[in-house]
There are 4 protein chains.
Amino acid sequence: MRSTAAREAILDATSRLFHSQGYDRLTIEGIAKEAGVGKQTIYRWWSSRGALIADCLLDGRLIPVDFDMPDTGDLLGDVETWLRSVLAVLEAPQGQALLRSLVAAAADDADVGVHLGESLGVEKYLSERLRGGIRDGQLPADAPVAQIGRAILGAIIVESLGREAREPGEVIDLVRYLFAR
Amino acid sequence: MRSTAAREAILDATSRLFHSQGYDRLTIEGIAKEAGVGKQTIYRWWSSRGALIADCLLDGRLIPVDFDMPDTGDLLGDVETWLRSVLAVLEAPQGQALLRSLVAAAADDADVGVHLGESLGVEKYLSERLRGGIRDGQLPADAPVAQIGRAILGAIIVESLGREAREPGEVIDLVRYLFAR
Amino acid sequence: MRSTAAREAILDATSRLFHSQGYDRLTIEGIAKEAGVGKQTIYRWWSSRGALIADCLLDGRLIPVDFDMPDTGDLLGDVETWLRSVLAVLEAPQGQALLRSLVAAAADDADVGVHLGESLGVEKYLSERLRGGIRDGQLPADAPVAQIGRAILGAIIVESLGREAREPGEVIDLVRYLFAR
Amino acid sequence: MRSTAAREAILDATSRLFHSQGYDRLTIEGIAKEAGVGKQTIYRWWSSRGALIADCLLDGRLIPVDFDMPDTGDLLGDVETWLRSVLAVLEAPQGQALLRSLVAAAADDADVGVHLGESLGVEKYLSERLRGGIRDGQLPADAPVAQIGRAILGAIIVESLGREAREPGEVIDLVRYLFAR
DNA sequence: CCTTAAACGAGACGGTACGTCAGGTCTTCTT
DNA sequence: AAGAAGACCTGACGTACCGTCTCGTTTAAGG
């Protein structure tokens, strides 16, 4: 007999606070107060802070972007389209901090970890499109599709962890290098 | 006049506890007790938990491996040599957890972030070797060296965050793909 | 909803430690540990160490003596009865130290101060009995009743602060002098 | 080869801080900093905070008033003269707080205790004058001189501990009652 | 429709850790 | 040699959250 209103309020409060304060300042008490909810109601339905964030992630509340990707037949162009929508998130105010918070949450909690790449569209769209690239011969048959997806996302993450002043074009250079053959 | 004994004891305790308990369970009080030191002595010299970890990282206390890399003339072979020594860290017991703890620390704290790649030898050895690959024509002149380094490290990190049962060969496939042309 | 068990345990621990260690060695942490209680539970209900002691005082946990005083018609005799029960507290082991601790607490904290004389029966019994002495003519109508009470208690306190080896009869001499006319 | 300059500076700082902050906020570190002195220099010459205060007391740095008392032949008048100079201290700004701080220090530390009454002139002047009162027949031969002194001082202290809004005349009523016969 | 058990908000509870303050001891360098 | 400076270990401060545990109070089914 679970209250959907409470669930809504909790996930809402969680994503709001996650965005405004980051993962490390996110507390269950803060969420409960923000959501106007008792702490027990949170503990009743989620086993940990991580589970809560994973739920938000799955609901698309943390990265509210649609990473759907067209298949125009131009592999490099399509991948750049996807990449630009990911980079757009990072260029928003606090975008880098948001990514690092997601990474921190993913490092802390397995639930978040398994859903992080997913909610950025890596498996669903990027890898899928790469497999298309193999089918139509734009990529060699033995191209390690999943690894290439991880490499692109990973390069973005490592750059963010390094707090380097981002040159927006750099990851695109990587992508071009990956498919230039 | 700063006590070197205290500094030693603190960094030692920090790395010991970091390895045994991970970043999220690492507390200043725990370190102080383990090191037989007052908390104030820690706060006097380090501004945060992150600064402490960054110092351990620089001292090579967290990843006690030498990532020096030969230049045998065989680019792919040399990169695989480097990669294998990185993967060896992950295959040790708790290796994956160690990497995730490092990532969590890097996400939390800028000091750690800027030194993470460094202490895995990414800039110092890997990128340097790649530049050598450009010089001797094994890589095209416009290969984005730094990005390739981040991509390899990033793929490893993303895989670890995803808690995927590691197939040891997978990242090597990526490396081969990157240089196979 | 406040836990009476916790309140009981805290006041109990406080008075126990106050007796055994004195005011200056009395710590909130010590009380919390002795009471098997979290520190916050103390801070939630008492604003300071003094408030805690004042509460113990009001509950009769620090000076567990009944200072009720008969009215036999013999003013001097009755006052001596009261006085002897006060002196009995001082003659107990650590009695002088207990009084000094109470005085220290009263000097530190207003709550304790306003209740100190009260819990020794100065206002309730001694002053009341003196007013009876005025009514039946054993004291002049303009005798400063409250001041006389304070003088007797004050003489005891000053003597204790002076660490003078107490001659038990001395304060009684004062009382006799006060009423001999 | 003790430095008198340091001694001066320390006692000066102590009494200055004692007056401005009270006994409970008086710290050795604060005194050292205020005096421009190393902590060790304090610990070298005084065994405790109390000893320091007792020294200040003896030097007349805490109650900078001369309680010398004339002998005009009028016992009550002379005692009132002494009393008024004591009450003047209390009526100064923070006078009550100063007295309570002295009492707290006296309760904490025996050295301070034995000198408190003394530095208010109780033994030296008041008791002495009372003995004169016996000699010239204004007091009965068996009047408990020391006790009467303590009673007067004690009444003032108890009143101050009770945080009662002082009616300046009240203690004088006590004195009049004590000698009206 | 009415009861009745669950889910709920509120928040107290025993804990752990935080970052700070001061205690008293101990160099180390200066005068 | 004594002192100024201040690092050191210790222990307590008052606060923030943790996850668990009552409390009444909704609230939504099922009798």
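Just so it is clear: chains get the letters A, B, ... in the order the sequence lines come, proteins before strands, and each one is counted from 1.
Between B:Arg7 and C:Glu29, the residue anchored closer to the 5' end of DNA chain F is B:Arg7, taking for each the nucleotide with the nearest heavy atom. Comparing D:Gly38 and B:Ala35 by the nucleotide of DNA chain F that holds the closest heavy atom to each, the one mapping nearer the 5' end is D:Gly38. Position along DNA chain E of the nearest nucleotide to D:Gly30 versus B:Met1 favours D:Gly30 as the more 5'-ward residue.
A close approach under 4.0 Å does not occur between any side-chain nitrogen or oxygen of B:Trp45 and OP1 or OP2 of F:dA7. Side-chain N/O atoms of C:Ser3 include none lying less than 4.0 angstrom from OP1 or OP2 on E:dA12. Put simply, C:Thr41 has a side-chain N or O that comes within less than 4.0 Å of OP1 or OP2 on E:dG14. Applying the 4.0 Å criterion to OP1 and OP2 of F:dG3, one finds that D:Arg44 has a side-chain N or O inside that range.
Annotation: C:Gln94, atom CD; neighbour count of heavy atoms from other residues, nucleotides and ligands within 6.0 Å does not exceed 12.
Atom CD1 in C:Ile31 sits about 16 Å away from atom P in E:dG15, given to the nearest Å. In this structure, D:Arg25 places its CZ atom 15 Å from P of F:dC13, rounding to the nearest Å. If you measure from atom CD of A:Gln40 to atom C1' of F:dC17, you get 15 Å, rounded to the nearest angstrom. Counting to the nearest Å, the P atom of F:dG11 and the CD1 atom of C:Ile28 are 18 Å from each other. In this structure, the CD atom of D:Glu8 is 18 Å from the C1' atom of F:dA2, given to the nearest Å. The distance between atom CD1 of B:Ile42 and atom P of F:dG11, rounded to the nearest whole Å, is 16 Å. Atom-to-atom, CH2 of D:Trp46 to P of E:dG23 comes out at 15 Å; the value is rounded to the nearest Å. With rounding to whole Å, D:Arg49 atom CZ is found 12 Å from E:dA22 atom P.
Although no hydrogens or angles enter the test, the distance criterion places a donor-acceptor pair under 3.5 Å between the side chain of C:His19 and the main chain of C:Leu62.
Counting non-hydrogen atoms under 4.0 angstrom, A:Gly36 reaches the backbone sugars and phosphates but no base.
Side chains of C:Tyr23 and C:Asp108: a donor-acceptor N/O pair is present below 3.5 angstrom, by distance only.
Comparing E:dG24, F:dC9, E:dG15 against the side chain of B:Val37 picks out F:dC9 as the nearest. If you check E:dA17, F:dC18, E:dC13 against the side chain of C:Arg2, the one that comes closest is E:dC13. Ranking E:dG23, E:dA22, F:dC8 by closeness to the D:Tyr43 side chain, first place goes to E:dG23.
With salt bridges taken as basic N to acidic carboxylate O contacts below 4.0 Å, one links B:Asp12 and B:Arg61.
You won't find any donor-acceptor pair under 3.5 Å spanning the side chain of A:Lys39 and the base of E:dG11, going by distance alone.
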TODO: Apply salt bridge (charged side-chain N to carboxylate O under 4.0 Å, His left out) to D:Arg7 and D:Asp59, showing your working.
DONE: CA-CA 12 Å; D:Arg7 193 192 124 94; D:Asp59 273 27; 3.4 Å; yes
